[in-house]
Amino acid sequence: MPRPIQATIHNAALRHNHQSLRVAAPGARLWAIVKANAYGHGIERTFEGLRGADGFALLDLEEAQRVRDLGWRGPILLLEGVFEPRDLELCSRLQLWHVVHSDEQIDWLAMHKTHAPQRVFLKLNSGMNRLGFAPERYRAAYARLAALPQVDEISHMTHFSDADGDKGIEAQWAHFQRATEGLPGERSTCNSAATLRHGARAEVRGDWVRPGIAAYGASPDFPEHDAAHWGLRPAMTLSSRIIATNQVEAGATIGYGSIFTAEQSLRVGVVACGYADGYPRHAPTDTPVLVDGVRTRTLGRVSMDMIVVDLTPVPQAHPGSEVTLWGCGPNGAQLPIDEVAHACGTVGYELMCALALRVKVNVD
Ligand SMILES: *Cc1c(COP(=O)(O)O)cnc(C)c1O
């Protein structure tokens, strides 16, 4: 028997989540964001669940090639654009749309020899201060692009830094409106948080929305709203089994560094899951976990291949009992990845992207 840890990808959940996102941003076209190997879920494994989208957006040319190899003929967008001039040849060959965020990328386009003009998304830096043209330089970049025979349609995009928080989108949205006012071309501004929170506003949702994390069933603004609030279902389950149980006496410690001391006698289970599987090493004692679908907690330090869980709420648990690290458990039980991430001081994004190569992945 192989080591019992496994991940399961739920394509029905991906389809359901896309449906929820279409309801949140009615009439907008939907990019399936599959960067980072579909947020750790796997591009090939999620293709059936995501192919109802209007396009695929990603970062690596290698990922774009994989989407084309799956038979996808619709739009593919490179979210950071090209990294060097010869990438433009692959854009021509694979018919990729690409983001233009720098003068250098425009220089490369101007030198590119092609018979087929390329579709680009011009990126405004509206306040995130990572990629994009500053508002006062945006129209000049647009004019330069519009004059190039290598360029076909030009669309407009920006990325919000605070769509999930108190600061919100209004200041950045105002920059975007001012910079793009009167220019022809489609518009795309919304990540998951903006799609769910502001997608009802036609001018904000624009022509294309770009929800990543929500499609995978995590909430972009947990703990303010959980995934269920947004009508999202987990697209990934990480599960394993108990491989041993122990009675730990009062005063005894558990795991490396002896950071947990039992205050009273406790029955504990050892789970075949550790940081080498992608479970976060910094998960503290009390991180939630399900055993046989019953909620309990981790105890002590996460080690490479094992964690220890409290069996007090599940006295019938035994070696072989099913453990749900996140996602869907037995009997309809669920453990949202956001709750596990929150206990670890991080976000669901990081946990799903970190799923380790040694974990076998099933698709249901
Ligand atoms: C990753 C990414 C998104 C998706 O963000 P989520 O928070 O996962 O919805 C949208 N737009 C761009 C440009 C991105 O890089």
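Numbering of ligands and ligand atoms starts at 1, following listing order. Hydrogens, waters and symmetry mates play no part in the numbers below; they use all other heavy atoms, side chains included. The shown structure was predicted, so the numbers you read here are calculated from the model rather than taken from an experiment.
Atom 11 (N) of ligand 1 has as its closest protein heavy atom R210 NE, 2.9 Å. Scanning all protein heavy atoms for the shortest distance to atom 8 (O) of ligand 1 gives Y39 OH, 2.5 Å. Residue, atom and distance of the protein heavy atom nearest to atom 1 (C) of ligand 1 are K35 NZ, 1.4 Å. Of all protein heavy atoms, the one lying nearest to atom 7 (O) of ligand 1 is Y349 OH, 2.6 Å. With hydrogens left out, the protein atom closest to atom 9 (O) of ligand 1 is S192 OG, 2.5 Å, a heavy atom. Scanning all protein heavy atoms for the shortest distance to atom 12 (C) of ligand 1 gives H159 CE1, 3.5 Å.
The number of heavy-atom neighbours closer than 6.0 Å to CZ of F83, taken from other residues, nucleotides and ligands shown, is above 12.
Ring pair W97/F121 is parallel by interplanar angle, where below 30° counts as parallel and above 60° as perpendicular. By the 30° and 60° cut-offs, the orientation of the rings of H156 relative to Y138 is tilted.
A 4.5 Å side-chain heavy-atom check between M236 and V361 finds every atom pair outside the cut-off.
In terms of hydrophobic clustering, with Ile, Leu, Val, Met, Phe, Trp and Tyr side chains grouped at heavy-atom distances under 4.5 Å, L183 and V151 are assigned to a common cluster.
A donor-acceptor pair under 3.5 Å links the side-chain atoms of N17 to the main chain of A215, judged by distance alone.
For ligand 1, the atoms lying closer than 4.0 Å to a non-hydrogen atom of I213 are 6 (P), 8 (O), 9 (O). Residue P211 approaches ligand 1 through these ligand atoms, each under 4.0 Å from one of its heavy atoms: 9 (O).
At a 3.5 angstrom cut-off on N or O pairs, I33 does not count as close to ligand 1.
Between the side chains of R130 and H101, no donor N or O sits under 3.5 Å from an acceptor N or O.
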